[in-house]
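In what follows, a single structure is set out as structure tokens and then discussed.
Scope of the values below: all heavy atoms of this structure, side chains included, with no hydrogens, waters or symmetry mates. Predicted, not measured: the structure shown is a model, and the values here were computed from it.
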Amino acid sequence: MTTAKKPLLEICVESFDDAMVAARARADRIEYCAALAVGGVTPSAGAMARLRDIPVPCRVMIRPRPGDFIYGASDVAIMKRDIALARDHGAEGIVIGAAMPDGRLDRDMLADLLSVAGGLGATLHRVFDAVPDPFEALEGAIGLGFDRILTSGQQPTAEQGADMIARLITQADRRITILPGSGITPENAAKLLRTTGATELHASCKKANPAGGGYVAGRVETDGGGVRGLKVGMASFTAS
């Protein structure tokens, strides 16, 4: 009997300690961010300096601020510097996105950013989920040289967007990896892999840190048990 290829799990984290928790729980890859409460921004230079201490491949979020993905010249200059820092400190790849005011990908800006990536892997983040034509954006991402697109199928969760994710995977035809993310749980992981044809999943497996309110609110932590449970759920697809 032929078994399915082992699917990979990427965990997004907001600190070095969380990355180590995810790695010990057998995450296959890390998306290294800061401030997940606002969707993730670029980690600090100090945090990036610890990349080589993390025992699994890491892709670094390159996002200079919260909010929209319409960037100006100063944002681009900052992102280019951050890409260089990520590369120099041992990142396996970067996670980027940029949009035009009408929601389409800003291909010129993305090409400019990728021009300094120096052979790093590149994930197009969930700016993709706001584009007006996802199939046009898919072809644009392939043309630009991205190797992954993180998406929930333009729905609040990947489970809700499963039909679109499956259509994107069909159109991609192995030219790029479609990485489903948002709302991935041990309970739905195997079904998502089976119904979409995905080979990787992206999750945060986060738990709230009961630090309190005010300026100390918003901290989340990676739940190692959640990562292990998700790996078990994904393994049930491999064995089926």
Side-chain angles (χ1 to χ4, degrees), residues 3-43 47-48 50-61 63 86 90-95 121 123 125-126 147-153 156-162 165 177-211 218-240:
T3 58
K5 182 180 178 181
K6 178 185 175 183
L8 300 182
L9 176 62
E10 177 180 274
I11 297 294
C12 59
V13 305
E14 69 173 22
S15 74
F16 172 79
D17 286 345
D18 288 342
M20 296 301 289
V21 168
R24 286 193 292 267
R26 298 190 297 120
D28 299 292
R29 188 173 60 244
I30 300 296
E31 184 189 294
Y32 201 46
C33 310
L36 288 178
V38 294
V41 296
T42 307
M48 282 198 264
R50 301 298 307 274
L51 281 169
R52 287 193 173 91
D53 296 326
I54 301 168
V56 296
C58 293
R59 293 206 168 188
V60 175
M61 171 65 79
R63 184 184 178 204
E92 180 270 335
I94 55 172
V95 182
T123 300
H125 64 44
R126 291 185 63 201
D147 61 14
R148 282 173 177 77
I149 297 173
L150 175 61
T151 179
S152 60
T157 69
E159 190 167 23
Q160 291 170 290
I165 292 169
T177 298
I178 304 299
L179 177 59
S182 185
I184 307 293
T185 68
E187 292 73 30
N188 65 21
K191 179 181 178 182
L192 275 167
L193 291 166
R194 183 173 60 253
T195 59
T196 65
T199 58
E200 304 182 4
L201 295 177
H202 169 100
S204 60
C205 295
K206 59 181 180 286
K207 60 182 179 180
N209 182 323
R219 168 76 171 114
V220 294
E221 296 177 345
T222 299
D223 182 355
V227 177
R228 286 187 289 272
L230 189 47
K231 291 286 288 188
V232 170
M234 294 169 70
S236 71
F237 164 76
T238 307
S240 62

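Smallest separation of non-hydrogen atoms from C12 and T222: O-OG1, 4.5 Å. When all heavy atoms of A189 and L201 are compared, the pair lying nearest together is CB-CD1, 3.8 Å. Between L230 and C205 the shortest heavy-atom distance is CD2-SG, 3.8 Å. Shown here for A158 and G181, the closest heavy-atom pair between the two residues is CB-O, 3.6 Å. Contact record, V227 with A22: CG1-O, 4.2 Å, taken as the closest heavy-atom pair.
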Could you walk me through whether E92 and R59 pass the salt bridge (charged side-chain N to carboxylate O under 4.0 Å, His left out) test, one step at a time? CA-CA 6 Å; E92 180 270 335; R59 293 206 168 188; 2.7 Å; yes
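For P55, the side chain to side chain contact (heavy atoms under 4.5 Å, CB included) criterion is met by M20, A23, not counting sequence neighbours. Under the side chain to side chain donor-acceptor pair (under 3.5 Å) criterion, D17 pairs with no residue at all, not counting sequence neighbours. Taking T199 as the reference, nothing meets the side chain to side chain donor-acceptor pair (under 3.5 Å) condition, with sequence neighbours excluded. Scored by the ring pair (Phe, Tyr, Trp, His ring centres under 6.0 Å) test, H202 finds no partners at all (sequence neighbours excluded). In this structure, T177 has no side chain to side chain donor-acceptor pair (under 3.5 Å) partners at least two apart in sequence or on a different chain. Residues meeting the side chain to side chain contact (heavy atoms under 4.5 Å, CB included) test with C58, sequence neighbours left out: I30, L51, I54. The side chain to side chain donor-acceptor pair (under 3.5 Å) test applied to R126 returns D129, S152, not counting sequence neighbours. Not a single side chain to side chain contact (heavy atoms under 4.5 Å, CB included) links V232 to another residue, sequence neighbours left out. Partners of D28 under the side chain to side chain contact (heavy atoms under 4.5 Å, CB included) rule, at least two apart in sequence or in another chain, are K6, L8, L9, K231.
Between V21 and E221, the closest side-chain pair of non-hydrogen atoms is not below 4.5 Å.
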Donor-acceptor list for residues 32-42 side chains, cut-off 3.5 Å, not counting sequence neighbours:
{"from": "Y32", "atom 1": "OH", "to": "A47", "atom 2": "O", "distance (Å)": "2.9"}
{"from": "T42", "atom 1": "OG1", "to": "M61", "atom 2": "O", "distance (Å)": "3.4"}
{"from": "T42", "atom 1": "OG1", "to": "R63", "atom 2": "N", "distance (Å)": "2.7"}
{"from": "T42", "atom 1": "OG1", "to": "R63", "atom 2": "O", "distance (Å)": "3.0"}

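Distance check: R26 CZ to I11 CD1 gives 11.5 Å after rounding to the nearest 0.5 Å. Taken to the nearest 0.5 Å, the OG1 atom of T123 stands 8.5 Å off from the CD1 atom of I94. Taken to the nearest 0.5 Å, the OG1 atom of T196 stands 10.0 Å off from the CD1 atom of I178. Going from atom CD1 of I165 over to atom CD1 of I149 covers 11.5 Å, rounded to the nearest 0.5 Å.
Within the structure, the salt bridge (charged side-chain N to carboxylate O under 4.0 Å, His left out) test picks out the following pairs touching residues 195-205 (sequence neighbours left out): R29-E200, R148-E200.
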